[in-house]
Protein chains: 4
Amino acid sequence: MKPSASRKPRAITGSAQTKRAAQGADRRSQILAAALDEFSLHGFEATRLDDVAKRAHVAKGTIYLYFKDKESLFQELLRAQIGPVIGMLEEVLAGGASVTKPMPLRELAYRVADLFVEQVIGTRRRDIVRLILTEGPRFPKLAEFYYREVVSRGLGAFRARAKRAVSEGELKSDTLVRFPHLIVAPALVSIIWKSMFDKFEPLDVKALMKAQIDILFDKEERS
Amino acid sequence: MKPSASRKPRAITGSAQTKRAAQGADRRSQILAAALDEFSLHGFEATRLDDVAKRAHVAKGTIYLYFKDKESLFQELLRAQIGPVIGMLEEVLAGGASVTKPMPLRELAYRVADLFVEQVIGTRRRDIVRLILTEGPRFPKLAEFYYREVVSRGLGAFRARAKRAVSEGELKSDTLVRFPHLIVAPALVSIIWKSMFDKFEPLDVKALMKAQIDILFDKEERS
Amino acid sequence: MKPSASRKPRAITGSAQTKRAAQGADRRSQILAAALDEFSLHGFEATRLDDVAKRAHVAKGTIYLYFKDKESLFQELLRAQIGPVIGMLEEVLAGGASVTKPMPLRELAYRVADLFVEQVIGTRRRDIVRLILTEGPRFPKLAEFYYREVVSRGLGAFRARAKRAVSEGELKSDTLVRFPHLIVAPALVSIIWKSMFDKFEPLDVKALMKAQIDILFDKEERS
Amino acid sequence: MKPSASRKPRAITGSAQTKRAAQGADRRSQILAAALDEFSLHGFEATRLDDVAKRAHVAKGTIYLYFKDKESLFQELLRAQIGPVIGMLEEVLAGGASVTKPMPLRELAYRVADLFVEQVIGTRRRDIVRLILTEGPRFPKLAEFYYREVVSRGLGAFRARAKRAVSEGELKSDTLVRFPHLIVAPALVSIIWKSMFDKFEPLDVKALMKAQIDILFDKEERS
DNA sequence: CATGAATGAGAGTTCATTCAT
DNA sequence: TATGAATGAACTCTCATTCAT
């Protein structure tokens with residue numbers, strides 16, 4: 001029996017009860033972690049709950065104690081992961097916007113790019129984003145949720161900030177006001193490139209992001 | 001006759017002969033068209049051949065007269081559609097490169113953008129590209145083929161052209177030499193936006209493409 | 001088109017009409033021959049009419065011009081092949097029985113054995129017999145037909161002849177009267193051995209048959 | 001509950017617990033038994049797993065919990081049944097060979113014949129043997145396994161024993177040394193006869209076996 | 001809470017049979 | 001007569017979901 005096998009013997013103080021409680025509390029996250037692995041690897045349809053269970057060291061039926069069905073597991077997984085992203089996003093944008101003398105937009109852009117490179121591209125979150133991109137069209141609810149909670153907010157905040165930069169002369173054109181998407185474009189390219197072509201031709205994501213920002217801000221530098 | 005019974009009644013002018021001929025001649029394309037619809041809607045795994053058959057007004061078994069299996073159908077569909085794209089691509093790039101006094105790179109970029117907007121974004125090909133992006137990671141062969149035939153060639157040609165533009169002073173920085181990806185980035189964003197968020201907030205793809213090009217070429221205009 | 005491809009150009013005298021007629025007349029036997037090949041190789045269920053057609057250089061539909069369905073083809077094939085066997089059988093038995101001073105039973109047995117070795121074991125007919133043995137239980141009609149036309153007749157004739165041999169002192173015991181099967185037993189063993197174990201350990205069928213006869217007739221010789 | 005709903009109501013004494021235990025414990029053998037029935041009736045190809053499942057009072061999918069696929073089910077069925085036969089065989093042969101003053105070969109032959117009549121001809125094992133005979137040619141692995149484990153061993157042991165019988169004068173000729181097959185021949189005939197012709201003309205297998213042995217040992221008796 | 005054996009609908013695939021040509 | 005594209009029922013195998021334990 002795998003599940004029990006994974007319960008390593010603990011110190012004597014860890015009673016069976018404690019063990020139970022600790023595990024019970026964590027079952028959900030074990031399952032979510034395993035689900036992320038499997039969904040990332042195979043996508044929604046091709047993922048077998050059997051494999052998720054195995055990876056989570058849990059019986060198949062256990063999944064149904066925590067999630068209504070496969071789709072719920074999937075959606076809750078993505079929502080759970082989007083949360084922190086929203087948090088990060090708001091934090092950064094707030095940092096750049098709320099003070100009277102805010103940091104320059106360009107500086108802000110660099111920070112967002114760094115954040116993206118460090119917190120997304122190099123991590124499991126990259127897979128999350130890719131899952132949203134690949135499965136989104138098939139889960140309208142998800143796409144809507146994602147648009148409402150992340151996309152529209154993020155672009156909105158950036159747009160507002162860009163507007164101010166224009167009026168204050170930091171930006172000479174209103175391109176970024178009209179198309180804040182341009183700041184995201186290289187990020188998207190990076191995610192897709194990483195998962196499809198990186199083995200043929202590695203991509204320096206950080207440099208790519210910097211290049212786009214520098215271009216957007218009318219000046220060129222080497223990284 | 002069962003088969004015909006299940007087909008909708010045609011106009012009286014469509015004789016049995018005509019019907020046969022018409023059908024026999026391009027069952028294959030009927031099936032490919034239906035497959036494109038279904039695969040676009042549901043992705044590879046979630047697509048049922050039953051539905052493809054129904055949509056193509058064909059029996060399930062008929063599919064197997066033209067394609068070895070589901071995967072073959074999928075791959076041949078994509079390859080068949082990639083072909084023309086490669087052709088178009090080469091034509092445009094050739095047109096911009098082979099003459100002694102070639103067209104300016106910026107001009108070339110506009111043309112590629114136009115091509116993209118007209119031949120891809122507004123057509124079924126958009127779904128093809130999206131399928132490649134979303135299913136690519138699960139079909140390594142496909143990703144490799146796509147990299148070899150489209151991506152590396154396209155980027156390579158563009159890179160070469162950009163190098164020349166730099167040496168001739170048309171481009172002031174070598175950013176585009178290092179990251180020709182930037183010319184593609186807004187196209188990618190467009191494809192993904194169209195299929196996920198366009199109903200919430202329509203995107204003017206043409207303007208987006210133009211904006212990026214203008215930025216890349218150091219000058220801003222209104223569309 | 002395969003069928004026509006297989007029609008080698010003939011001398012000028014062979015008009016299309018002649019060709020047609022000749023082929024038409026033979027289609028049936030072409031199909032039967034091909035069917036024998038395929039059924040022998042794969043058994044009834046596992047044989048595909050497609051392969052039969054291909055082997056016969058005939059379109060699939062053509063088979064249905066000559067045979068009602070797969071089962072008919074199978075049954076008619078076997079019946080067609082049993083015919084000659086019955087003929088041979090009757091001839092030999094008649095030769096041994098009808099004259100006033102008939103040939104000794106042992107002599108007769110040798111002849112039957114030779115016939116078997118030459119006409120069955122070494123030929124396609126071996127496969128026919130094996131097909132009857134292997135598919136018989138699933139085609140009661142066939143088993144019955146085979147019993148009535150071949151088995152009961154053959155054993156009956158042999159039994160009658162053996163009875164006479166006993167009364168005339170040629171045979172000392174009535175074993176062969178009670179169990180004429182014993183004369184057939186080594187033949188059966190041979191057929192099965194040939195198709196299953198011969199590649200591991202070849203069997204000298206002729207010698208085996210002779211050994212059994214010699215034993216049955218109370219005397220032993222080397223072959 | 002669907003699953004249990006589809007099972008026939010049992011006697012009141014059969015508690016749910018009992019049911020589960022009984023079923024859980026030997027689902028495998030239920031399936032094997034059902035498989036034997038169906039394969040015997042229709043052969044490998046023509047057998048539908050649906051029918052096996054129905055006969056085993058089990059859902060179709062359950063079969064796949066215990067067997068990889070149809071072929072595995074088939075092979076494991078046969079191997080499982082061959083095991084005991086090998087055991088019996090070795091026992092008998094050992095009993096006849098290992099002592100200083102062994103039992104006469106003829107006696108041994110009688111015993112083997114009895115064993116065959118009681119343990120094979122009158123039981124399900126007869127069908128097993130028939131399956132091996134009929135499907136063997138299409139499952140080379142099976143034929144090889146059967147040859148190696150049963151046929152070559154059985155014939156080898158018998159041959160060795162016969163050689164000794166010759167040197168000790170029990171047998172006057174070396175026929176059985178050269179063709180131990182002859183001792184098996186009537187058994188084969190019996191199996192085939194039983195499954196094809198017994199309803200037209202019953203065969204006294206025991207007497208047939210005895211007759212052949214008596215003939216082989218040069219002396220005739222009535223059964 | 002947790003299990004995992006059991007379920008059965010549903011998917012891809014095959015192939016005997018038909019029929020317009 | 002002959003063709004072979006087309007059909008669709010039937011098959012094997014998978015896997016999300018349930019539930020007795």
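Proteins get letters first, then strands, A, B, ... in listed order; numbering begins at 1 in each. Hydrogens, waters and symmetry mates are skipped; everything else that's a heavy atom, side chains included, is used. The model shown is predicted, which means the values in this text are computed figures rather than measured ones.
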Any side-chain heavy-atom pair of [X] and [Y] under 4.5 Å:
{"X": "D:Q75", "Y": "D:F145", "value": "no"}
{"X": "D:E135", "Y": "D:F74", "value": "yes"}
{"X": "C:L32", "Y": "C:L73", "value": "yes"}

I need the [atom1]-[atom2] distance between [X] and [N], as an integer number of Å.
{"X": "C:I63", "N": "E:dC19", "atom1": "CD1", "atom2": "C1'", "value": "16 Å"}
{"X": "B:H57", "N": "F:dA6", "atom1": "NE2", "atom2": "C1'", "value": "16 Å"}
{"X": "D:Y66", "N": "E:dT7", "atom1": "OH", "atom2": "P", "value": "9 Å"}
{"X": "D:K60", "N": "F:dA10", "atom1": "NZ", "atom2": "P", "value": "12 Å"}
{"X": "C:Y64", "N": "F:dT1", "atom1": "OH", "atom2": "C1'", "value": "17 Å"}
{"X": "B:F67", "N": "E:dT14", "atom1": "CZ", "atom2": "C1'", "value": "18 Å"}
{"X": "C:Q30", "N": "F:dT1", "atom1": "CD", "atom2": "P", "value": "15 Å"}

Kindly state each residue pair satisfying salt bridge (charged side-chain N to carboxylate O under 4.0 Å, His left out) with at least one member in residues 66-77 of chain B, sequence neighbours excluded.
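Only B:R28-B:E76 qualify under salt bridge (charged side-chain N to carboxylate O under 4.0 Å, His left out).
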
Proximity to DNA chain E (any heavy atom under 4.0 Å), residues of residues 69-79 of chain D only:
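Heavy-atom contacts with DNA chain E come from no residue of residues 69-79 of chain D; none.
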
Report the secondary structure of DNA chain E in dot-bracket form, marking unpaired bases with a dot and bases paired to a different strand with |, and treating Watson-Crick or G-U pairs with both distances under 3.5 Å as paired.
.||||||||||||||||||||

Given E:dA2, F:dT3, E:dG8, the nucleotide with the shortest approach to the side chain of D:A59:
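Selected nucleotide (nearest to the side chain): E:dG8.
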
Under a 4.0 Å heavy-atom cut-off, which of residues 31-55 of chain B touch DNA chain F?
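Contacts with DNA chain F under 4.0 Å: none.
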
For A:E45, salt bridge (Lys or Arg N to Asp or Glu O under 4.0 Å) partners two or more places apart
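Not a single residue meets the salt bridge (Lys or Arg N to Asp or Glu O under 4.0 Å) criterion with A:E45.
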
Suppose we screen for salt bridge (Lys or Arg N to Asp or Glu O under 4.0 Å). Which residues come up paired with D:R48, at least two apart in sequence or across chains?
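For D:R48 the salt bridge (Lys or Arg N to Asp or Glu O under 4.0 Å) partners, ignoring immediate neighbours, are D:D51.
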
